[in-house]
Amino acid sequence: MPYKSRWTIDIPDTHLASLLLKSPTAALSQTHKCYLEAARPETHYLTTHDFRLWSQRLAAGLRKAGLQPGDRVLLFSGNDLFFPVVFMGTIMAGGIFTGANPTFVARELAYQLQDSSATYLLCATASLETGLEAAKQANLPLSRVFAFDNAIYDGHTSPPPNCPCPYWSDLLASPEEGAAFTWDILDTPSLSSRTLALNYSSGTTGRPKGVEISHKNYVANMLQYCHLPTLRPDYEARLTRARWLCFLPMYHAMAQNIFIAAALYRATPVYIMPKFDFVRMLEYTQRFRITDYILVPPVVVALAKHPAVKDFDLSSVESVGSGAAPLGREVCEVVEGLWPAGRINVKQGWGMTE
């Protein structure tokens, strides 16, 4: 039985990049830090202007390398400062982004390479052995495999020693070429239905299945996610102090939509952790004054039971949400008790990649 929401919002026909970044040349902040490495936030971050330019450079470079509209680019990496750049640069170029679980073995990665028909593989330098073996199994040429990490931020443009594949800097156009790159205007229903991502879902049976997500899908889901907080009377005040911490995997639809799309739309800084570490999560919450917890049930359970919780100041947290799987009310009540009565009400979101 379908349930109809009490709220209605307009969903525009547009390229996701146009909604989030205005246009290829619009003035964007060169001081607002949209993405920061949680371990090195003072020195390793991207402003909104920088983020667009890095993305445009990748888009222009992919086009120069031969990417055609609809070609798939697979990123095999944990969370990284440049993960959102690869996502955005791919879709700016007219390609389709697909991310693979960084814990995959070669056989699993080869399956996604073949099933998605990926023509480019960006592989984390720490996982090159797995990536190269998977590319071999999937018959992907080494010239289409690129070592990927954030060392490029510090000026490194070479792959690790003895690496037989190029470094992903080879896919980056110059800053001047990047600044001149323009993405497509998808301003009709047929154009906005163009696929931008192929996110893999376990489904219910069998192997993971690629789910086609269009620009219109992403825009609709993100705007709906962002609408509810605006109904609060103190929304503007909350927005000015908002800080998010991303440890959920960015290869997954949930983290992509929230920490890439919604964060940019709301101009909320995102501190990126390479992977989940519960004690580090608590430490970063205290250090960066994180305001919103976007969690999954196992993390909520850890908040309820882990003894380290009492050692950190979590008073900055103003909202707690959980998704991806159901969560018992008893656990929610324990977590809510970590803050003064009435301060936190754990909200559950429901959704599927599909």
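All heavy atoms count here, side chains included; hydrogens, waters and symmetry mates do not.
Judged purely by distance below 3.5 Å, without hydrogens or angles, the side chains of N199 and Q256 pair a donor atom with an acceptor atom. E212 and T195 share a donor-acceptor pair across their side chains, judged by distance under 3.5 Å alone. In this structure, a donor-acceptor pair under 3.5 Å is absent between the side chains of W339 and S315. A donor-acceptor pair shorter than 3.5 Å can be found between the side chains of E133 and Q137. S319 and D292 share a side-chain donor-acceptor pair at under 3.5 Å.
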Hey, mind stepping through Y218 and N257 against side chain to side chain donor-acceptor pair (under 3.5 Å) and telling me if it holds?
CA-CA 7 Å; Y218 250 92; N257 197 273; 5.2 Å; no

Using the side chain to side chain donor-acceptor pair (under 3.5 Å) rule, take H44 and D154 through it: C-alpha gap first, then chi angles, then the decisive distance, then the call.
CA-CA 9 Å; H44 289 68; D154 297 313; 3.1 Å; yes

Intermediate values then yes/no, side chain to side chain donor-acceptor pair (under 3.5 Å), D149 and Y167
CA-CA 9 Å; D149 60 25; Y167 190 57; 2.3 Å; yes

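Relative ring orientation between W183 and H15 is described as tilted, the plane-to-plane angle lying within the 30° to 60° band. Aromatic ring pairs are classed by plane angle as parallel below 30°, tilted from 30° to 60° and perpendicular above 60°; the pair F278 and H306 is tilted.
Between R287 and E42, at least one side-chain N (NZ, or NE/NH1/NH2) sits under 4.0 Å from a carboxylate O, which counts as a salt bridge. D71 and R63 are not joined by a salt bridge, as no carboxylate oxygen comes within less than 4.0 angstrom of a charged side-chain nitrogen. Using a cut-off of 4.0 Å between Lys/Arg side-chain N and Asp/Glu carboxylate O, E318 and R241 are scored as salt-bridged. Contact check on K64 versus E177 returns a salt bridge, with a Lys/Arg side-chain nitrogen under 4.0 Å from an Asp/Glu carboxylate oxygen. By the 4.0 Å N-to-carboxylate-O rule, E336 lies close enough to R329 to be salt-bridged with it. Between R194 and D184 there is a salt bridge, with a side-chain nitrogen of the basic residue lying less than 4.0 Å from a carboxylate oxygen of the acidic one.
When all heavy atoms of L264 and L20 are compared, the pair lying nearest together is CD1-CD1, 4.1 Å. Of all heavy-atom pairs between G178 and L53, the closest is C-CD1, 4.0 Å. Heavy atoms only, all atoms of each residue included: A262 and Y225 are closest at CB-CD2, 3.9 Å. Closest approach of Y271 to A38, counting heavy atoms only: CB-CB, 4.2 Å.
Placement of F146 and F104 in two distinct hydrophobic clusters is found when ILVMFWY residues are connected by side-chain heavy-atom separations under 4.5 Å, directly or transitively. Under a hydrophobic-cluster definition in which Ile, Leu, Val, Met, Phe, Trp and Tyr are linked whenever side-chain heavy atoms come within less than 4.5 Å, directly or via other members, F76 and I152 are assigned to different clusters. If you chain together hydrophobic residues whose side chains sit under 4.5 Å apart, I9 and V219 fall into the same group.
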For residues 80-96, tabulate all N or O donor-acceptor pairs below 3.5 Å that involve a side-chain atom, not counting sequence neighbours.
{"unit_1": "D80", "atom_1": "OD1", "unit_2": "F82", "atom_2": "N", "d": "2.7"}
{"unit_1": "D80", "atom_1": "OD2", "unit_2": "N150", "atom_2": "ND2", "d": "3.4"}
{"unit_1": "T90", "atom_1": "OG1", "unit_2": "V86", "atom_2": "O", "d": "2.7"}

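The distance from atom CZ of F247 to atom CD1 of I294, rounded to the nearest 0.5 Å, is 8.5 Å. Taking CD of E37 as the reference point, atom CD1 of I272 lies at 8.0 Å (rounded to 0.5 Å). Note that CG of L75 and CH2 of W168 are 9.0 Å apart. Values are rounded to the nearest 0.5 Å.
In this structure, Q112 contributes its side chain and L109 its backbone to no donor-acceptor pair below 3.5 Å. Side chain of R57 to main chain of A173: a donor-acceptor pair is present (N/O by atom type, distance under 3.5 Å, no hydrogens or angles). Side-chain atoms of R72 come within 3.5 Å of backbone atoms of G70 as a donor-acceptor pair (strictly under, hydrogens ignored).
For Y265, the OH atom counts as loosely surrounded, since its 6.0 Å shell holds 12 or fewer non-hydrogen atoms of other residues, nucleotides or ligands. No more than 12 heavy atoms of other residues, nucleotides or ligands shown are found within 6.0 angstrom of CZ on R280.
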